[in-house]
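Worksheet: the structure to be examined is printed underneath.
Just so it is clear, the structure is predicted and the values come from calculations on it, not from any experiment. By convention in this document, chain letters (A, B, ...) are assigned in the order of the sequence lines, proteins followed by strands, and residues within each chain are numbered from 1.
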Amino acid sequence: MASVSASYLDGLTTAQQAAVDFFEGPLQVLAGPGSGKTRVITRRIARLVERGVDPASILAITFTNRAAREMQERVDALLPGTRVWVTTFHRFCANVLRRRGQYIGLESNFVIFDKSDQLQVVRRVLGEIDVDAIRAAPAKIGARISRIKNSMVGPDEFARSLDSYIGEPFDQIVAQVYPRYQSTLLECNAVDFDDLLLHVVRLFRENPDLRADYDRWIRFLLVDEYQDTNAAQYELVRALSIDTPNVCVTGDPDQSIYAWRGASIENILNFERDYPNATLVRLEHNFRSTKLILKSADRLISHNRMRKAKSLLSDGEDGEPVRLLKFLDATQEADGIVNTIRESRSRSGGSWSDFAIFYRVNSMSRELERAFTRARIPFQVAAGLAFYERAEIKDLLCYLRLIENPADQVAFQRVVNKPARGLGAATQKKILDYAAEHGLTPMEAAKEGEKIPGLSKTARPKLRFFASMMSGLTLSAYGSVSDLLKAIVEKTFYARTWAANPSEQAIEKKANVEELINAAAQYDELNADDPSVSGFLETTALVNEGDALEADAGKVTLMTMHAAKGLEFPTAFVVGVEHGLIPHERSIKSDDPKQLEEERRLLFVAMTRAMRQLFLTTAQVRAERGTPRTTITSTFLRETEFDTVDPNDPFGEPTQKRVESAGPTEPDHKQRLREALAAGGNKPLLTTGASLLSGSNVEAAIPQSFAVGMRVKHPQRGMGTVTDVSGFGKRKTVKVQFREDEPEQSFIAARCPLQPMGIQ
DNA sequence: TGCCCGGTCGTTTTT
DNA sequence: CGACCGGGCA
């Protein structure tokens with residue numbers, strides 16, 4: 001045994017070995033950035049199995065799909081063929097609810113509502129209750145409800161908490177909306193993201209036997225990123241580790257950046273209080289960054305007061321100093337970054353995917369995107385409208401939802417008149433009212449169309465047609481989700497309008513629909529043993545656009561500082577290190593030291609993504625909602641260590657050694673600054689993305705470049721030939737012929753799995 | 001029913 | 001500046 005087990009401890013530090021080899025009882029692993037945390041967790045799992053623990057009794061929970069997938073892959077590599085359950089909090093909860101949701105009034109085919117569905121429900125509820133005159137933004141109410149739910153406060157409790165003081169008018173509205181929002185979801189046999197967690201917590205609270213079953217079943221629980229758990233996740237972890245308290249949490253308080261979303265850093269700080277006999281292991285050895293990068297990051301984070309002291313050690317070389325690049329405005333900043341990347345690549349080789357750029361707010365990506373497009377450097381942005389939120393995709397998913405779960409009012413309303421079939425708002429209201437009155441689902445009501453009072457003569461047959469069409473669309477009739485989807489598109493004449501006039505948009509939509517069918521086919525293949533519509537819907541509801549980011553796509557990666565957590569890049573840029581951006585204005589205004597510390601942690605997270613080279617940038621003028629403003633450098637810059645260098649010679653000698661400049665000094669500099677401000681600010685070379693993209697020779701800049709006649713490979717369809725390329729930028733579309741006897745298929749160039757195989 | 005215009009609003013968002 | 005919503009109109 002000992003000789004075999006040694007393999008899982010090979011090449012690890014003493015601390016890592018301690019965590020891997022620890023057997024039963026609560027274990028807390030404080031893992032600094034780049035300290036090999038995933039490696040430790042996966043090896044720990046392997047070691048447990050090696051000790052004879054049944055793999056089926058081990059559950060590893062992460063926050064993101066990306067983390068789960070990575071962990072799963074690495075466990076598979078260590079233990080080929082073993083079935084350890086690696087999943088996300090939300091998927092785990094969805095699984096529990098599918099089995100046991102009846103206890104709290106959910107059928108096993110419940111659907112998961114996303115933000116836009118949530119918004120629809122809030123809107124509806126606002127319409128029902130007579131909120132006089134006060135205009136409350138539905139999105140804000142939804143966000144507030146989510147926050148309240150994250151802190152595990154129910155509708156009654158929230159209303160009661162308001163009684164104790166004269167609540168703000170906004171919260172008074174929320175108190176009215178919240179209970180109706182919840183009951184509407186239940187009526188729809190639906191849950192939102194927060195419910196997934198809350199319902200399970202409630203389930204375990206109210207059914208101690210059920211909780212105990214799961215607790216016993218999950219003999220070893222491993223929780224990743226514990227510092228980001230919210231109240232519900234915290235209670236869930238506790239509930240699963242009472243009878244068998246073999247719980248291993250890993251995390252880093254210094255990387256807690258989601259408090260604003262309800263995560264409480266106290267969970268990790270209080271672990272030893274919650275589990276008094278807990279063992280603590282600190283992973284302080286950093287394998288990622290050079291000494292100088294670590295030193296700068298460490299100096300920054302040491303300014304946080306509320307903190308468990310932790311060191312960052314590195315055996316690595318000193319490396320290059322952190323460099324500050326100061327630009328006049330955002331356009332020059334973006335171009336300067338592009339040039340720096342170019343130069344760095346030509347100096348030391350490497351791929352475009354070695355570079356990443358982090359910014360505080362999404363809106364800052366635009367200027368960078370333009371610069372990269374101008375420079376024809378391939379890049380990817382981790383943001384944007386998620387695929388599954390696009391109108392045409394959402395429509396088809398709502399058809400699936402309604403087929404699977406006829407109680408889904410939101411899906412019914414979205415789909416009943418799409419494409420337009422003469423069942424407008426007035427008719428819909430009559431149907432839904434009738435349904436509510438008779439305790440029917442919207443689909444049942446639609447089938448009883450004849451009995452609905454007040455329905456117009458013209459609407460009746462149309463409703464009858466809709467109902468009968470829908471009853472023919474079932475999974476059993478078509479066998480697979482992808483075939484069912486194809487049938488929906490056909491039977492509903494969904495694509496009719498686009499087939500008529502193949503506009504740019506129509507082609508894009510068509511390609512998106514085909515992409516969705518591809519995704520369904522993939523699901524069918526993976527779940528051939530037990531395909532279900534709810535299964536497919538769950539995968540679509542719980543994925544994220546960021547999951548599609550390719551790790552090694554030969555593209556520069558652009559993302560928010562939040563999205564950067566967990567990743568690493570040889571060279572990283574942190575853009576706009578300015579007062580008001582990082583720390584963000586809202587955090588400054590809040591005057592809450594906790595929020596300021598979270599901002600500091602955010603910058604810490606961003607900085608520690610860099611392996612070999614870290615650049616910070618500022619612009620002296622930055623347009624804020626159109627109006628250019630002179631910026632002030634971030635207070636955080638004074639808390640760290642860097643060289644200020646000439647942005648035109650980023651690898652040259654520092655102009656000021658490790659001292660933050662008080663501002664522009666030379667008259668020449670001042671003059672240029674004044675000009676930049678006077679010129680209506682930093683008017684970009686090209687005003688809009690659209691005008692840029694309509695430029696004649698931009699096409700080649702598109703990351704995925706295809707040409708007519710090119711041979712391409714599709715993971716499912718195999719080899720094909722490009723027959724047409726149209727559109728620009730994100731909308732660029734390619735048509736591919738796979739087989740001569742089949743119609744060509746359209747794809748969105750930027751997100752299709754087509755691999756160019758050369759021109760023939 | 002669907003389009004267009006004008007007013008409003010504005011961090012981050014693992015799921 | 002730019003995205004989005006609601007109202008008004010064809």
Side-chain angles (χ1 to χ4, degrees), chain A residues 61-68 87-94 112-116 118-119 123 135 137-140 142-143 146-147 150 191-197 224-225 227-230 232-233 255-263 330 358-364 366-367 382-383 385-386 388 417-427 497 538-547 559-567 576 580-590 595 598-599 601-603 605-606 622-628 680-684 687-690:
Chain A
I61 300 191
T62 66
F63 276 84
T64 67
N65 294 310
R66 189 175 68 201
T87 188
T88 64
F89 271 105
H90 289 83
R91 277 180 204 275
F92 171 77
C93 290
I112 300 168
F113 275 10
D114 69 10
K115 236 197 188 142
S116 70
Q118 183 183 36
L119 208 61
R123 284 211 184 94
R135 304 229 315 186
K140 281 204 149 181
S146 176
R147 269 310 294 273
N150 276 329
V191 298
D192 63 19
F193 290 138
D194 307 312
D195 282 338
L196 284 169
L197 305 166
D224 195 21
E225 306 278 18
Q227 79 280 355
D228 286 333
T229 48
N230 64 23
Q233 286 151 341
Q255 293 184 66
S256 157
I257 53 174
Y258 285 105
W260 55 273
R261 258 186 122 249
F358 311 131
Y359 35 82
R360 180 63 231 268
V361 294
N362 277 310
S363 60
M364 292 172 74
R366 201 164 285 132
E367 198 66 55
L385 189 64
Y388 292 108
N417 197 35
K418 203 161 281 170
R421 49 173 79 90
L423 298 170
T427 309
T497 40
E538 188 173 308
T539 63
T540 65
L542 297 180
V543 298
N544 171 272
E545 188 80 342
D547 294 348
M559 63 174 85
T560 64
M561 296 163 79
H562 282 91
K565 196 170 70 163
L567 302 175
L581 274 175
I582 177 81
H584 195 272
E585 200 177 349
R586 292 241 190 159
S587 305
I588 300 167
K589 274 200 189 131
S590 78
Q595 286 196 31
E598 179 152 314
E599 295 282 314
R601 290 195 294 269
L602 184 57
L603 182 57
V605 166
R622 193 179 295 278
E624 193 189 338
R625 286 179 215 150
T627 40
N682 43 357
K683 196 170 180 184
T687 328
T688 63

Please check: side-chain N/O of D192(A) versus main-chain N/O of D114(A), any donor-acceptor pairing under 3.5 Å?
no
Could you give the CG-to-P distance, from L581(A) to dG10(B), as a whole number of Å?
17 Å
Kindly point out which of dT15(B), dT14(B), dG10(B) is positioned nearest to the side chain of D228(A)?
dT14(B)
Does any part of the side chain of R360(A), heavy atoms only, come nearer than 4.5 Å to the side chain of L602(A), both counted from C-beta?
yes
How long is the line joining CD of E367(A) and P of dG2(C), in whole Å?
10 Å
Quick one: is dG10(B) close enough that its OP1 or OP2 comes under 4.0 Å of any side-chain N or O from K140(A)?
yes
Atom pairs, protein N/O to nucleotides 1-5 of chain B N/O, distance under 3.5 Å:
{"from": "dT1(B)", "atom 1": "OP1", "to": "N417(A)", "atom 2": "ND2", "distance (Å)": "3.3"}
{"from": "dT1(B)", "atom 1": "OP1", "to": "G424(A)", "atom 2": "N", "distance (Å)": "3.3"}

Just the rounded figure in Å: distance from C1' of dT14(B) to CG of L567(A).
11 Å
Within-4.5 Å side-chain heavy-atom neighbours: L603(A) and M561(A):
yes
So, do E598(A) and Q595(A) sit near enough that their side-chain heavy atoms are less than 4.5 Å apart?
no
Listed pairs, N/O of protein and of nucleotides 8-10 of chain C, under 3.5 Å:
none

Restricting to nitrogen or oxygen on both sides, can you table the protein-nucleotides 11-13 of chain B pairs closer than 3.5 Å?
{"from": "dT11(B)", "atom 1": "O4'", "to": "H584(A)", "atom 2": "NE2", "distance (Å)": "3.1"}
{"from": "dT11(B)", "atom 1": "O2", "to": "R360(A)", "atom 2": "NH1", "distance (Å)": "3.2"}
{"from": "dT11(B)", "atom 1": "O2", "to": "R360(A)", "atom 2": "NH2", "distance (Å)": "2.3"}
{"from": "dT12(B)", "atom 1": "OP1", "to": "N362(A)", "atom 2": "N", "distance (Å)": "3.1"}
{"from": "dT12(B)", "atom 1": "O4'", "to": "R360(A)", "atom 2": "NH2", "distance (Å)": "3.3"}
{"from": "dT12(B)", "atom 1": "O2", "to": "R360(A)", "atom 2": "NH2", "distance (Å)": "2.4"}
{"from": "dT12(B)", "atom 1": "O2", "to": "H562(A)", "atom 2": "NE2", "distance (Å)": "3.4"}
{"from": "dT13(B)", "atom 1": "OP1", "to": "T560(A)", "atom 2": "OG1", "distance (Å)": "2.6"}
{"from": "dT13(B)", "atom 1": "OP2", "to": "N362(A)", "atom 2": "ND2", "distance (Å)": "3.0"}
{"from": "dT13(B)", "atom 1": "O2", "to": "R261(A)", "atom 2": "NE", "distance (Å)": "3.1"}

Rounded to whole Å, OH of Y388(A) lies from P of dT15(B) at a distance of 13 Å
What nucleotide, of dG10(B), dG2(C), dT14(B), holds the atom closest to the side chain of K565(A)?
dT14(B)
With A564(A) via side chain to side chain contact (heavy atoms under 4.5 Å, CB included) - residues at least two apart:
F358(A), M559(A), R609(A)
Would you check if the side chain of E367(A) reaches a backbone N or O of M364(A) as a donor-acceptor pair within less than 3.5 Å?
no
Which one, dG6(C), dG2(C), dT15(B), comes nearest to the side chain of T64(A)?
dT15(B)
Residue list, salt bridge (Lys or Arg N to Asp or Glu O under 4.0 Å) with E225(A), at least two apart or on another chain:
K37(A), K565(A)
Can you tell me how far apart CZ (F113(A)) and CG (L196(A)) are? Round to the nearest 0.5 Å.
12.0 Å
Taking the inter-plane angle between the rings of H562(A) and Y258(A) on a 0 to 90° scale, is it parallel (under 30°), tilted (30 to 60°) or perpendicular (over 60°)?
tilted
Report the distance from atom CZ of F89(A) to atom P of dT15(B), rounded to the nearest whole Å.
13 Å
Side chains of Q233(A) and I61(A): does their closest heavy-atom pair fall under 4.5 Å?
no
Sequence neighbours excluded, which residues qualify as side chain to side chain contact (heavy atoms under 4.5 Å, CB included) partners of E538(A)?
A94(A), R98(A), I112(A), L542(A)
Given the C1' atoms of dG6(C) and dT11(B), what is the spacing between them in whole Å?
25 Å
In whole Å, what is the span from the CE atom of M559(A) to the P atom of dT14(B)?
12 Å
